[in-house]
2 protein chains.
Amino acid sequence: MSLRHAMLGLLADRPASGYDLMKRFETSLSNVWPATQSQVYGELGKLTKAGLLEVAAEGPRGRKEYAITDEGRAELRRWLTEAKPDPVRRSEVLLRVFFLNHLTPVEATAYLMGEAERAAGQHRVLEEVERNVDWGDDPLSVNGRLALEYGLRFMAMREEWARWAVEELGKTRK
Amino acid sequence: MSLRHAMLGLLADRPASGYDLMKRFETSLSNVWPATQSQVYGELGKLTKAGLLEVAAEGPRGRKEYAITDEGRAELRRWLTEAKPDPVRRSEVLLRVFFLNHLTPVEATAYLMGEAERAAGQHRVLEEVERNVDWGDDPLSVNGRLALEYGLRFMAMREEWARWAVEELGKTRK
DNA sequence: GCCCGACATGTCAACAGTGGAATGTAGGCT
DNA sequence: AGCCTACATTCCACTGTTGACATGTCGGGC
């Protein structure tokens, strides 16, 4: 249940309405933890009832501005510092790899080459992001850069792996 | 909905009961696509009703052995070859990174060092697996090795990234 | 003065996945 | 003969996530 913590994290910087939060999710967190309206508004209600948030102000159009409470800040810190067990990662890509033998060698190779291409494409997208965002030295930018670098390295790794796997497949077939 | 495809993939090698399938999930697929009993048995029923599987034999203790049908094989191939959009990956690790500024620099560094350690630990676990599994040259072994190498590279990348991030954090603080 | 687009909140149905519990049978060991 | 373990299935309640839909209001430009 990390959605709530994402919301607490965003509100810890400054108060916001549900609408504001949605926009912040779309811009900064979309690649890390996407969220939909129904989730955000639902969770805002629950968090408020639980005392982790409060309605700090009401504005026009029924706007409710939510602010984090001390209790909310405590929960955020608790979450950030807690040791959590490695969550098992589901990977559709790897699942396909397991069953690659049900395709012809040519098809399997094509699939892996496609993977390499997809990773390379994503890598280019991230490089584009890197160029376009104006990296201030506010905390969110600093942390955002760390996350971006992770993505860059991840995509490079995926591409290299896929190309390696293609060669490997060629070898075993001989 | 990849669980069904995982099941089709396993049954494409040879027929099995729900119980057998569970064991196969636990051994070969646990790190890639974990599944619970309730899911497996439920899906078995749905897939049979949909005509992708059939009950090939019934045994003692109410055992039902399921086999993949031609239609099921076709669906498996379709899934393996279809081009799918990059699924958005949720990452709790990165989510935490985004909010690292709500911790003290010392705590944040400790968190990243912990990440590096966790990745290194997982890396060691995978190396252990590599040593212990007897890699035949049956298809599942070949593909399993590809998946394992992915894991190995992934963990190495995570560790390096975390160590890099620690240094980066040190720099900005100056 | 009016209309459009941005602002703003909310509900609902459906599905995937988790975890636990209930139930029962066959085979092997003592 | 009795018991334990492995085999085997089914049901249920709950959480998280998605996507679609419904509803309404404020402010600026024409």
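Just so we're on the same page: letters track the sequence lines, and every chain starts at 1.
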Would you say [X] and [Y] make side-chain contact, with heavy atoms under 4.5 Å?
X     : Y      : answer
A:L3  : A:W33  : yes
A:R78 : A:H5   : yes
B:L80 : A:Y111 : no

Item checked: Phosphate OP1/OP2 of D:dT18 contacted by B:R90 side-chain N/O (<4.0 Å) ->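 So the side-chain polar atoms of B:R90 do come within 4.0 Å of the phosphate oxygens OP1 or OP2 of D:dT18, strictly under.
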Notebook entry, point to check: Has B:K23 got a side-chain N or O lying under 4.0 Å from the OP1 or OP2 atom of D:dC7?
Noted result: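 Answer yes for this pair, as a side-chain N or O of B:K23 is under 4.0 Å from OP1 or OP2.
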Checklist line | Lys/Arg-Asp/Glu bridge criterion (N-O < 4.0 Å) met for B:E92, B:R90 | finding: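 So B:E92 does not pair with B:R90 through a salt bridge.
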Margin query: Under 4.0 Å between a side-chain nitrogen and a carboxylate oxygen: does that hold for A:E75 and A:R4?
Written below: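 Looking at A:R4 together with A:E75, the answer is no, because their closest N to O distance does not fall below 4.0 Å.
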Notebook entry, point to check: Looking at residues at least two apart in the chain, or sitting in another chain, which of them share a side-chain hydrogen bond (donor to acceptor under 3.5 Å, both in side chains) with B:R77?
Noted result: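 For B:R77 the side-chain hydrogen bond (donor to acceptor under 3.5 Å, both in side chains) partners, ignoring immediate neighbours, are A:E107.
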Return the value, rounded to whole Å, for the distance between atom [atom1] of [X] and atom [atom2] of [N].
X     : N      : atom1 : atom2 : value
A:F25 : D:dT17 : CZ    : P     : 10 Å
B:M22 : D:dA6  : CE    : P     : 16 Å
A:Q39 : C:dA8  : CD    : C1'   : 18 Å
B:L95 : D:dT17 : CG    : P     : 11 Å

Protein N or O to nucleotides 8-12 of chain D N or O, pairs below 3.5 Å:
residue	atom	partner	partner atom	Å
D:dA8	OP1	B:R63	NH1	2.8
D:dA8	OP2	B:R63	NH1	2.9
D:dT9	OP1	B:K64	N	3.0
D:dT9	OP2	B:G18	N	3.1
D:dT9	OP2	B:Y19	N	3.1
D:dT9	OP2	B:Y41	OH	2.7
D:dT9	O4	B:Q37	OE1	3.4
D:dT10	OP1	B:K64	NZ	3.2
D:dT10	O4	B:Q37	OE1	2.9

Next item on the list: Decide whether a cation-pi geometry holds between A:R153 and B:W164; the criteria are a distance under 6.0 Å from NZ or CZ to the six-membered ring centre and an angle within 45° of the ring axis.
Entry: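 Yes, A:R153 and B:W164 form such a contact.
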Check: Reading DNA chain C 5' to 3', how would its secondary structure be written in dot-bracket notation, given Watson-Crick and G-U pairs with both distances under 3.5 Å, brackets [ ] for crossing pairs and | for partners on other strands?
Finding: ||||||||||||||||||||||||||||||
Check: Is there a donor-acceptor contact under 3.5 Å from the side chain of A:T69 to the main chain of A:G72?
Finding: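 Flag set: sc A:T69 to bb A:G72 pair under 3.5 Å.
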